[in-house]
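Each remark here refers to the structure printed beneath this line.
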Amino acid sequence: MKYACLIYSDEANGEANPDPTSEAMAKIMVGYNAFGEAHGGDIQAGEALAPTSTATTVQVEDGNIVTTDGPFAETKEQLGGFYIIDVPDLDAAIAAAAKIPHSAAGLGRIEVRPVLEF
Amino acid sequence: MASLLADFGDLSEAEDAAQDAAEEALAKWPEQGLPDRPGAWLTVVGRRRAIDRLRRASRGREKTDQLARLQSRNIDPNQINLEEVENRSFDAESSLLRDEQLRLIFGCCHPSLGQEVQMALTLRSLGGMTTAEIARAFLVHESTMAQRLVRAKKKISMAAVPFKIPPDHELLARTNQVRTIVYLIFNEGYDSSDGTAVTKQELCSEAVRLAQLVADLTPDDPESLGLFALLLLIQARSAARIDADGDLVLLADQDRSRWDQSLIGEGEAVLDRALRLNKSGPYQIQAAINALHDTAATSAETDWEQIELLYRQLVLVSPTPVVRLNHAVAVAMARTPVEGLAILDRAELAESLENYQHYHSARGELLSSIDAGRAKDALEQALALTANPAERRLLKKKIGAL
């Protein structure tokens, strides 16, 4: 079973989303590297996303492309990255999600969604 | 059905298979007589029918997955041997059934599902209630409940919610979750019972039965016995809790001759078994408190000092606001209302129970011997917080008596 683990955290929280060049970020990255190594066999894909301030929302209205500055929805916590993992069942997915550094450190939450197979 | 579900990990499929097996049984048993092990027979036939159906429909990947899951349980669909299954020793069969029931209950009470859905699934799959009965008990339309169950089954199948016995490091938390769901089912029946809703009372008896099942399935866990004992000891008083007019009767005013002595005896025996395992916990403590109530010959003879001690222990292991409220009442009864009030009036407790009607009614009760004006205010606050007709009548009676 493939699951997307969507990593949400508060972008304004400097502890959860420190400056990319800071020591705090380096520490978080150590955690992510360790997670990647520990779950390497299960991880199909995974990326970190630039902050929502860099987002552009695209919509087509009457055949015209309409773009809006910013994310699709203003939320308290923002999608900051994701993994696609392939594990036997939801319990295994939950166990992996709990080890993603942002959730393990209590700095964010993970939405686990099954991937549709067509 | 538990067995079939364990095979398919898919509630709809298991239900269909159980239905098929029952139909075949209805057709065959009258002619050929009852097989030696009707349960095993049903499981095997249901399994075989489902495999046929899966084969026919095995175009999609999901179905293939289910077939694979069946095969991974070392059951070759072509070689299901009815006799072999039926000849299994009784012990093997019952331990197989035990595992399968455990898988079913852990799956129905999986924390990835909403709490109401967990209750409904548990009632539907393990407590023989129909969707219509569950809908009535939860005061929703049958179609609403049916839809809720369909959505839940869809999630179970799409997200691969596992129906399995959790690994050791999760077992305690997941068993607690199962107990919570059984307890919530009981409360759903108990709290909203207004004397007329028979289906609500059915929830209580289903919960007692489920608690017994959980206790049977987890015999080494004293808290499962504790929950079973607790529900028995509360259920024992149910006939006296509502009077001829359908009004609620407070514990102190109940006609104790209407308490069910055999349930009390059973509850005490189960609690004894739990206590012998020598590992205390919140359900056992609550059961012990209820045993003290149930065995007091009159309200005046209730051993409030012992009850207060037990509540003090309960506050230590489970410091929820409602537990602290109950402790305050016990303190008032064991010592003086002023001492109980002192706990109730702590800012933190008052704040967290601001919208809880039992907090205000307890305060009103304790104040009634001290200050009628403040007692009335508190009872009126409680009245404003409940829509339950029986509770409203009770509160109005109390206000009138001040």
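First the proteins, then the strands, lettered A, B, ... as listed; each starts at 1. Values below: every heavy atom of this structure, side chains too, minus hydrogens, waters and symmetry copies.
Contact check for A:Ile94 versus B:His110: side-chain heavy atoms found under the 4.5 Å cut-off. Put simply, the side chain of B:Met158 does not reach to within 4.5 Å of the side chain of A:Val115, judged on heavy atoms.
Contacts with chain B (heavy atom to heavy atom, under 4.5 Å) involve no residue of residues 6-28 of chain A.
Listed here is the closest heavy atom pair of A:Leu90 and B:Ser112: CD2-OG, 3.3 Å. What you find for A:Asp89 and B:Ala160 is that their closest heavy atoms are CB-O, 3.4 Å.
Sparse packing is recorded around CZ of A:Arg109, with 12 or fewer heavy atoms of other residues, nucleotides or ligands lying under 6.0 Å away.
For chain A, the option among B:Lys164, B:Glu170, B:Lys155 with the highest count of heavy-atom pairs below 4.5 Å is B:Lys164.
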